[in-house]
Structure formats: structure tokens, C-alpha cells
**Student:** 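Before I ask anything, here is the structure I am working with.
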There are 2 protein chains.
Amino acid sequence: MKVSLKDLAQICGCSVTSVSRALKDSDTISKELREKVKSKAKELGYVPNLLAGSMRTGYTNTLAVILPDLRNPYFSLLAKYAEEYATSKGYSVFFMTTNEISEHEHDAVMKAMQKNVDGILLLPNQLDTQSIDIMNKMNFPYVLFGRIFDDIKADSVVVNDEMGGYLATKHLIEKGHSRILFLNSFMHIFSSQARFRGYKKALKEGGIPFNEEDVKYISTKIGDSEKIVEEIFSKENDYTAIFCYCDVIAFEAIFRLNKMGYAVPQDIAIASTDDIHSEIVLPIQLTSVGFDRAEYVKCAIDTLINNIKHAASPSKKEKEYVQKMIDVKLTIGQTT
Amino acid sequence: MKVSLKDLAQICGCSVTSVSRALKDSDTISKELREKVKSKAKELGYVPNLLAGSMRTGYTNTLAVILPDLRNPYFSLLAKYAEEYATSKGYSVFFMTTNEISEHEHDAVMKAMQKNVDGILLLPNQLDTQSIDIMNKMNFPYVLFGRIFDDIKADSVVVNDEMGGYLATKHLIEKGHSRILFLNSFMHIFSSQARFRGYKKALKEGGIPFNEEDVKYISTKIGDSEKIVEEIFSKENDYTAIFCYCDVIAFEAIFRLNKMGYAVPQDIAIASTDDIHSEIVLPIQLTSVGFDRAEYVKCAIDTLINNIKHAASPSKKEKEYVQKMIDVKLTIGQTT
DNA sequence: CTGTTAGCGCTTTCAA
DNA sequence: TTGAAAGCGCTAACAG
């Protein structure tokens, strides 16, 4: 049932090499042989074994994209663009998820390397640098995206999260809010730190004092946002606005606030980050900071592909690290 | 930099075979050698080349999951569960998307086969059966999920979409609606046909006459739902409810209706299918028909894995086709 | 224009 | 308990 080059060679009465070349339309093979081989190949349903080829060439034309999860539309949209762009560049992609668990990240990186992917696009947990250390030690092509470390030099593509935090908070302040709750994510994550800086900067510019108690650190897992909103707003408080780390946190916050009898934005205004609505129209459009996701992913993958090519090249002694940051922009929706 | 079994053999002063066996903890290798090999492997950062192994064994422990797209949360949630369950079963997964384009589906299937995946989980476009014909011809292990054909025998796992259409429509009728617009997807798709049947059945039971003009056929691409809602509700009409093919269509419908000044559910009630809210809490909870997604995907992958195992086994002459259907249940939200 | 040879890194007989 | 040899399917280097 399975046809190999060898079979074709036998049938066409030529060598395996000639068959290989004929199928690649090499000029060094006569038109006739080329036609004959190709027609036989089609007739017999020949399916090239790309893995066998990659054993020789050293390239699998496969990438691994490692993300926290595929539940959050923010990440699945990244996955969408990664799949589409990588495919257009001739790569297949393994998606692997970490659920923000160190061990999973490590396993994913190892598995990717064991399966000989040409490169890894990693959105790291930032709980440790174990998996990154491994890739460095192995001199394995990779690009960090979305999150970077202060003390690790690597090719990276991130979003201007500080600007995001700043723009969202500033917008709330301009709308007249001075008591702004910040539902942030955990501070070991790059984006949380950056948005935190942006939030503080906007407060400062607006002449609003910063209170550590106005910032809460929660996960983006289902239910966490609802829970903290329930907790805070069932007690006495004077918040009139919330800046949410990301849309899924904002979604839950709004859902819970509504359930509790608060109107958004009349009672509580909400601004956040991700602008998922620009790609998945939802019943309510959030005021949210977005960016060009297609461009972001394209940039990351281009960097990775470059990296893969350069890994083979000679002059990789003193490499210059690529460190890109994507611009953001605020879209005003119905929640402020 | 890269360490192979050969390198380890040289270092440990034994054969490649012994190294291979030692790393697999084979009983046929002395405890000492095993320990020595394993410690050297760790020390030198040995990364097994799984592809090389699979050339011999014939198995890559890799699956391909082919979906329409990763934008629609419905599909990305399937991707999430597929990735998680496949990983737990020791498989890596290639995700490929078709955007409901025949050629893309064909390319995806071919690429998957060329990369020697052990099996393919396919959510087919249903525009043609080209890619399925190829897999059949090649006797390649696959499972159809989400959508099946009347005239094609294959292992499959689908959702009880007819029941979904029935439950949603029936609920609207029980809420007192008799003029129900149905924003369906295209009728070449299994789910559209099935939900259509369910819709009609519920109407009939409710003693409501069926009008062909009450059913619109649209894509789930961004903007299509908004457009048709705009068209219909800017003209004279007597609809008091909409049954949407899926949540993303419903989301857009609600967004557009609100923009046009209609209140949901006061002016127009909305019911749909997918129940995305059960996994991604959104600002508004739709009345929607859902099902156990984790179980659904698990079932599909288990069937596929079984298929892979049986493809190798002898008695595959007269195979019984596995055809499963997952139960659905209506969740009442805030839109009816 | 075509073929021979070698080998990618592993596993799997078969032998010792 | 260990090893030698063969080979998975392909491509690349070299030869003619």
C-alpha cells in the first residue's frame, strides 16, 4: 500500500536518486523521465516521507509554539495567526500548552527538541528559566514572545504593555475616575509589571495618589476574577472604575458586577487590555487596549525563522539580540 | 554540541545498542552500565532523536487535528481539550486549519500524512470528500468529528445537533415566541442540517407554521451575522426571537441589536448553541445548548488511537465503524 | 543526464 | 548480558 522512492525506482527502471530528483523537477533529469516518474507517483499515490528527508537535511520545517493555554481567546488568537503565518511560510506547527506550570513548560520544550522542530516560539511562564536555560545550552533556535526576563538575553518580541496600562488608566482618569481598582495578574509576569508601571504613571500624571491596596493580583483562570469582584464589591468601597489586566478578567468582572446589580459603565467603568472584540465581536464591546496581532505574530515567527537560518551559519559568535516591541492603541467601547 | 547514541557509546565504551537499551532501562543490561549510560546522557545533555526512532518503529506519536479555524472559541476550545488529552496520552499534536477551504483541507491532510502522523482528527469542510477519499485509499487512520456525511462510512464522533436545535427552539416557544428567526449556517454542513431539523420539529410540536423565509444561511466569519441582523431589523418585521446557529453568531447579533436600539431579551430573545460561557465567562450569559466538550474530544481521540492500533492489527478486514453522538443540554442564560 | 555510495540516528533482529 | 549488522526512506557528495 505504501509507496517509497525505491518502489518508484524499480517501476521506472532507474535509480532512487533519479526518482528523487525527478520529483523535485531537477533540470539534471530528462523531461521524459521526469514526466514518467511524476505520473507513476501520482498513479500509485506516492506520499513523500518528509521525516526521512529531514534526517538528512537536518530540517523538519516544523515549529513548536508553546503557550499558556488555548482557553483564553487572547492566546488562541495568537495560535490562529501563528498557524496561518507559519503555514504560509512552509512550516507545520506543534502547539503545546503549559497552563503556567513549570514542569509542563519544560516537558513541552524537551518534546519539541526531541521531535526535531526547527525552532521554538515560547511564551514563558516566568516561574523559572529552566527550559530557556536548556535551549541556550543546546544552542537551540528560539524566540521569546509576550514575556521577557530582565536578566536573560534572548531574541524576543513583546507588546508595549506599559503603554497599554498607561493608556487604559489615563482614559479612566480623563473620564473623571479617581478611585480605580486594578485587577492585575501576578507580578512575576512581564506584562503585569509593565502594566503596573503604566497604571502608576497615569495615576501620577493625573495627580492621583497610588495605594497598594487598590491593586489585586489574580490569575486569569475561570472564576478568579468573579470571585475577587464579589469580595470587593460586596463590601463598602468607593471604586468607580476598574482597570483589568486583560479582557477575560474584565468579562468576568462585568458579568459579576451585573449580577450584583451594578451597571457598567454607569456605576462602574471598566477598561482592559487585549481588545478581543476587534476579532471576535462580543455582545458588549470593552474599552480595551489592542494591537496588530497578525503583525505581532508575524514578527515573532520571522525572527524565529531568521534565527533558525543563522544558527547554521558561521558568524554566530557575537550575535546581536533582536528585541522588538509592538505598539498598542486604545479602542473605546461601551464600558467607559 | 549535539549528542547521539553513538557518542554515548564511544564515551561509555560499549555499543550503540547497549546504550539504547540502557536508556530504556532494559533488564538485559547490567545495572552498572545502565547507571553509567544514564548519568553520562544527563551530563552531556543527550536529547533523543524521536524521529530517527520512528523511522524504524513506524510510529511518531503525533496526531494531526484539522479544524476550520482557531478564531471561533468553539474550535479553539476543542483545540485546547485535544491538546491536553493527546498530551496526556503521549501524543504531540499538529493543529492545522482549513478556513472551510477545500484546498486547505486537502493540503493539511497531505502534510499530515507526509509528516507521518499516526492519525488524523478531521473536522471536515464538507465541500467535498477529496481529503477523506485519500485517507481511505491510503487506509490511513482517521476520525471525523463534528461533521459527518450521509454517504461516507467512517469512524466518527459528533454532537447531537438535532437535539440542540430542538431544545433551543422549544425553549423559545415555551417563552411565548412564535415568530422565530433562525440564523443558520450553510446547509452542506451536518450541524446546520441537524439543527434545522430540530428547529422544524420544535415548531411543528408547538403548532407554529414553518416559513422558509425565516431561515437565513450565513457564515460564522466576523461581520456576517451583524450584517444580516442589520438588514432584517432595519426593515419592518415581526420577529420576537432569534435562534442562532452558534454563539459567535449570537454574540454579533446581540451587539448589533443593541446598537440598533433593541433590548435583549425584552425586545428580542436569543438562544443559540455552543454554551461558550460555561468555559469562558462573558459579560452576558447566553441561553445556549452545550455539551461536555472534554468528554467529546476524549471520545474522538480515544477512537482515533484505537483506530491507529487496529490499523496495524491483522483482523481489519470487516471493520465495524464507530459512530458516536454526544448528548446536549440547554443552559438558560440572560438572553431569553 | 544518471547512478553509486554513504549516512542521518535510531531500533530490531540475530548471534554470541 | 552484550554486540554486529541491517535497514527505516530519503538526500547529498561525488563520479562519470
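Only a predicted model underlies this, so the values are computations on that prediction, with no experimental measurement involved. Throughout, protein chains are lettered first and strands after them, A, B, ... in sequence-line order, and every chain is numbered starting at 1.
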**Student:** Compare all side-chain heavy atoms of A:I132 with those of A:L122 and state whether any distance is below 4.5 angstrom.
**Tutor:**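 A side-chain contact exists here, since the closest heavy-atom pair is under 4.5 Å.
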
**Student:** Name the nucleic acid region contacted by B:S30, choosing base, sugar-phosphate or nothing; use a 4.0 angstrom heavy-atom cut-off, strictly under.
**Tutor:**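 B:S30: backbone/sugar contact only, no base atoms under 4.0 Å.
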
**Student:** Look at all strands and tell whether B:K24 reaches a base, only sugar-phosphate, or nothing, counting heavy atoms closer than 4.0 Å.
**Tutor:**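 Sugar-phosphate, backbone atoms only, no base.
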
**Student:** Answer yes or no: side-chain N or O of A:T57 and base N or O of D:dA12 forming a donor-acceptor pair under 3.5 Å.
**Tutor:**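 No, no donor-acceptor pair under 3.5 Å.
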
**Student:** Whole angstrom is fine here: how far is it from NZ in A:K6 over to P in C:dT4?
**Tutor:**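 Going from NZ in A:K6 over to P in C:dT4 covers 14 Å.
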
**Student:** Distance check: side-chain N/O of B:S20 vs OP1/OP2 of C:dT11, anything under 4.0 Å?
**Tutor:**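 For B:S20, the contact criterion (side-chain N or O under 4.0 Å from OP1 or OP2 of C:dT11) is met.
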
**Student:** Mind running a 4.0 Å heavy-atom check of residues 7-15 of chain B against DNA chain D and sending the residues that fall below it, in number order?
**Tutor:**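 Hits under 4.0 Å, by residue number: B:C14, B:S15.
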
**Student:** B:Q114 CD to D:dC10 C1': how many Å, rounded?
**Tutor:**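 Rounded to whole Å, this separation is 13 Å.
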
**Student:** Check every atom of D:dT11, D:dT1, C:dC1 against the side chain of A:L5 and return the nucleotide holding the closest atom.
**Tutor:**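 So the nucleotide nearest the side chain must be D:dT11.
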
**Student:** Examine distances only and state if a side-chain atom of A:E105 and a backbone atom of A:N125 form a donor-acceptor pair shorter than 3.5 Å.
**Tutor:**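 Yes.
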
**Student:** Does the pair A:R34/A:D25 count as a salt bridge with the N-to-O cut at 4.0 Å?
**Tutor:**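 Yes, A:R34 and A:D25 are salt-bridged.
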
**Student:** Please compare B:I29 and B:G53 by the position of their nearest nucleotide in DNA chain D and report the one closer to 5'.
**Tutor:**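 Of the two residues, B:I29 wins.
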
**Student:** For A:N61 and D:dT11, give me the distance from atom CG to atom P, rounded to whole Å.
**Tutor:**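 So the two atoms are 12 Å apart, to the nearest Å.
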
**Student:** Want to settle it: does A:L33 or B:R21 sit nearer the 5' end of DNA chain C, counting the closest nucleotide to each?
**Tutor:**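 Upstream on the strand: A:L33.
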
**Student:** Nearest-Å distance, CG (A:L51) to C1' (C:dG7)?
**Tutor:**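 From A:L51 CG to C:dG7 C1': 17 Å.
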
**Student:** Going by atom types only, do B:N116 and B:Y59 share a side-chain donor-acceptor pair under 3.5 Å?
**Tutor:**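 Per modelled atom types, B:N116 and B:Y59 side chains form no pair under 3.5 Å.
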
**Student:** Measure the distance from CG on B:N116 to P on D:dC8 and round it to the nearest whole Å.
**Tutor:**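 Between P of D:dC8 and CG of B:N116: 14 Å.
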
**Student:** For B:K2 and C:dG9, what is the distance between atoms NZ and P respectively, to the nearest whole Å?
**Tutor:**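 These atoms are roughly 7 Å apart.
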
**Student:** Both B:S18 and B:R56 contact DNA chain D. Which one's nearest nucleotide lies toward the 5' end?
**Tutor:**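 Nearest-nucleotide comparison on DNA chain D picks B:S18.
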
**Student:** Could you check if a side-chain atom of B:F190 sits within less than 4.5 angstrom of a side-chain atom of B:D150, using non-hydrogen atoms only?
**Tutor:**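 Contact flag for B:F190/B:D150 side chains = no.
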
**Student:** Supply the atom-to-atom distance A:L44 CG to A:K2 NZ, rounded to the nearest 0.5 angstrom.
**Tutor:**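 One gets 15.0 Å once the value is rounded to the nearest 0.5 Å.
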
**Student:** Look at A:Y46 and D:dC10 and indicate whether a side-chain polar atom (N or O) is within less than 4.0 Å of OP1 or OP2.
**Tutor:**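 Answer is yes, contact under 4.0 Å.
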
**Student:** Side chains of B:V3 and B:V47: does their closest heavy-atom pair fall under 4.5 Å?
**Tutor:**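 Sidechains of B:V47 and B:V3: no contact.
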
**Student:** Without decimals, in angstroms, what is the distance between B:K31 NZ and D:dT2 P?
**Tutor:**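 These atoms are roughly 12 Å apart.
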
**Student:** Indicate, with a heavy-atom threshold strictly under 4.0 Å, whether B:S4 touches base, sugar-phosphate, or nothing.
**Tutor:**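 Answer is sugar-phosphate: B:S4 comes under 4.0 Å of backbone atoms only.
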
**Student:** Are B:E279 and B:R293 close enough for a salt bridge, meaning some N to O gap below 4.0 Å?
**Tutor:**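 Salt bridge: yes.
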
**Student:** Under 3.5 Å, is there an N or O donor on one side and an acceptor on the other linking the side chain of A:T17 and the base of C:dT4?
**Tutor:**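 Under the 3.5 Å cut-off, the side chain and the base do form a donor-acceptor pair.
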
**Student:** Could you state the atom-to-atom distance from CE of A:M55 to C1' of C:dA6 in whole Å?
**Tutor:**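 Interatomic distance, CE of A:M55 to C1' of C:dA6: 14 Å.
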
